[in-house]
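Working notes, beginning with the structure itself.
Sequence positions, counted from 1, serve as the residue numbers for this chain. Both counts, for ligands and for their atoms, begin at 1 and track the order of listing. Just so we're clear, the structure is a prediction, and the values are computed from it rather than from any experiment.
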Amino acid sequence: MTISAPVLCLASASPRRRALLASIGVPVTVQPCDIDETPLADELATAYVHRLAVAKAQAAVPLTNLPTLGSDTAVVVDGRILGKPMDAEEGAEMLQLLSGRQHEVLTAVAVSGPLGMLSCCVTTQVTMRVIEADEIAAYWRTGEPADKAGGYAIQGLAAIFVKEIQGSHSAVVGLPLFETTHLLRRQGVPIWQRGSR
Ligand SMILES: Cc1cn([C@H]2C[C@H](O)[C@@H](COP(=O)(O)OP(=O)(O)OP(=O)(O)O)O2)c(=O)[nH]c1=O
């Protein structure tokens, strides 16, 4: 097996973001950073995810001078930003809020590199069917929702709750690959292309 040299510093502890980048041929070196993710008073959701993505990209101290990517995903319903649930009770409250209706998932990406900081924010509409209370309790016990914004993972067991999505599936999982490719190319990061594999 060939192990490719990293072409990007990923300022994230999320295994999903790393796997999504690997899926488009971008090997990374990981520099997770611990920043305060509390929303500011009256902060709008787009401003919030954008601020955190930039803060993550700035907080990482890459060992090399590779471009650095930070990202943040939030689930938004009725203007309320849902982060990761702290416990079963909060997880259940989140899924009850999302049950039988549409919500938004916002993912911001920031890439620092030769052109300075470039960023974008992608909004995806997700519609869930009604989720029964016993399903919510059983879902929490699987362990899947605990480290996910909004308390669910579209790429996992929660796919059975998702009736429709309009937007970017990869953005809901943690990184909008179409838009991220554009930012990375502008910063000179090589991406998979025809003939390179
Ligand atoms: C809605 C949803 C979120 N998520 C994940 C994506 C993100 O990893 C996480 C949201 O939390 P984030 O704070 O965006 O990311 P993170 O804490 O996992 O990683 P880091 O801050 O170090 O970059 O929820 C899914 O995996 N599937 C989903 O369907």
Side-chain angles (χ1 to χ4, degrees), residues 8-23 26 28-40 43 45-62 68-77 80-86 90-91 93-95 97-99 101-112 119-129 131 136 139-140 142-177 179-180 183:
L8 177 72
C9 172
L10 175 61
S12 172
S14 164
R16 275 89 50 184
R17 294 198 170 111
R18 184 181 189 148
L20 284 166
L21 286 164
S23 76
V26 179
V28 299
T29 173
V30 176
Q31 283 274 306
C33 46
D34 202 13
I35 63 158
D36 182 0
E37 300 204 4
T38 314
L40 305 174
E43 188 172 31
T46 43
Y48 167 74
V49 290
H50 184 258
R51 178 174 64 80
L52 292 192
V54 170
K56 288 174 190 178
Q58 285 170 337
V61 187
T68 302
L69 183 149
S71 182
D72 195 74
T73 300
V75 168
V76 182
V77 61
R80 192 174 146 190
I81 299 170
L82 306 184
K84 298 172 194 164
M86 277 180 316
E90 200 183 9
E93 193 207 329
M94 288 182 181
L95 279 191
L97 269 175
L98 303 178
S99 170
R101 57 176 297 190
Q102 190 178 77
H103 64 270
E104 291 186 335
V105 179
L106 268 56
T107 296
V109 187
V111 183
S112 65
S119 62
C120 71
C121 182
V122 171
T123 301
T124 302
Q125 318 285 340
V126 178
T127 307
M128 290 194 166
R129 66 157 167 82
I131 315 169
I136 290 178
Y139 183 52
W140 180 264
T142 67
E144 183 176 279
D147 63 341
K148 314 290 186 314
Y152 76 91
I154 197 170
Q155 72 275 28
L157 302 168
I160 69 164
F161 305 142
V162 177
K163 197 168 158 190
E164 189 183 351
I165 99 162
Q166 290 169 267
S168 165
H169 186 274
S170 59
V172 180
V173 182
L175 211 53
L177 288 180
E179 293 79 1
T180 300
L183 295 184

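Rounding to the nearest 0.5 angstrom, the gap separating the OG atom in Ser23 from the CG atom in Leu177 is 5.0 Å. Between atom CG of residue Leu10 and atom CZ of residue Arg18 there is a gap of 7.5 Å, rounded to the nearest 0.5 Å. Note that CG of Leu175 and OG1 of Thr73 are 8.0 Å apart. Values are rounded to the nearest 0.5 Å. Remark: Gln155 CD to Lys148 NZ distance equals 6.0 Å, nearest 0.5 Å. Atom CD in Glu164 sits 7.5 Å away from atom CD in Gln102 (nearest 0.5 Å). Once rounded to the nearest 0.5 Å, the distance linking CE of Met128 with CG of Leu98 reads 5.5 Å.
Contact atoms of ligand 1 toward Thr73: 10 (C), 14 (O) (distance under 4.0 Å to a heavy atom of the residue). Which parts of ligand 1 touch Glu37 is read off a 4.0 Å heavy-atom cut-off, strictly below it: atoms 13 (O), 21 (O). Using a 4.0 Å cut-off to heavy atoms of Ile154, the atoms of ligand 1 that qualify are 27 (N), 28 (C), 29 (O). Taking every non-hydrogen atom of Asp72 and a distance limit under 4.0 Å, the qualifying atoms of ligand 1 come out as 12 (P), 13 (O), 14 (O). Close approach of ligand 1 to Gln155 is summarised as follows: ligand atoms under 4.0 Å from at least one heavy atom of the residue are 25 (C), 26 (O), 27 (N), 28 (C), 29 (O). Each of the following atoms of ligand 1 lies closer than 4.0 Å to a heavy atom of Ala13: 20 (P), 22 (O).
Using a 4.5 Å heavy-atom cutoff, the side chains of Tyr152 and Val172 are in contact.
Note: no N/O pair closer than 3.5 Å links Cys33 and ligand 1 by distance alone.
Shortest contact from atom 6 (C) of ligand 1 to any protein heavy atom: Val173 O, 3.3 Å. Looking only at protein heavy atoms, the nearest one to atom 3 (C) of ligand 1 is Val172 O, 3.4 Å. The closest protein non-hydrogen atom to atom 15 (O) of ligand 1 is Arg17 NH1, 3.0 Å.
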Under 3.5 Å, sequence neighbours excluded: what are the donor-acceptor pairs made by side chains of residues 45-55?
unit_1: Tyr48; atom_1: OH; unit_2: Glu37; atom_2: O; d: 2.7
unit_1: His50; atom_1: NE2; unit_2: Ser119; atom_2: OG; d: 2.7
unit_1: Arg51; atom_1: NE; unit_2: Glu43; atom_2: OE2; d: 2.7
unit_1: Arg51; atom_1: NH2; unit_2: Thr38; atom_2: O; d: 3.2
unit_1: Arg51; atom_1: NH2; unit_2: Glu43; atom_2: OE1; d: 3.0

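When Ala171, Ala153, Gly150, Ala149 are ranked by how near their heavy atoms come to atom 1 (C) of ligand 1, first place goes to Ala149. Comparing heavy-atom distances from atom 16 (P) of ligand 1 across Lys56, Arg16, Lys84 singles out Lys84 as nearest.
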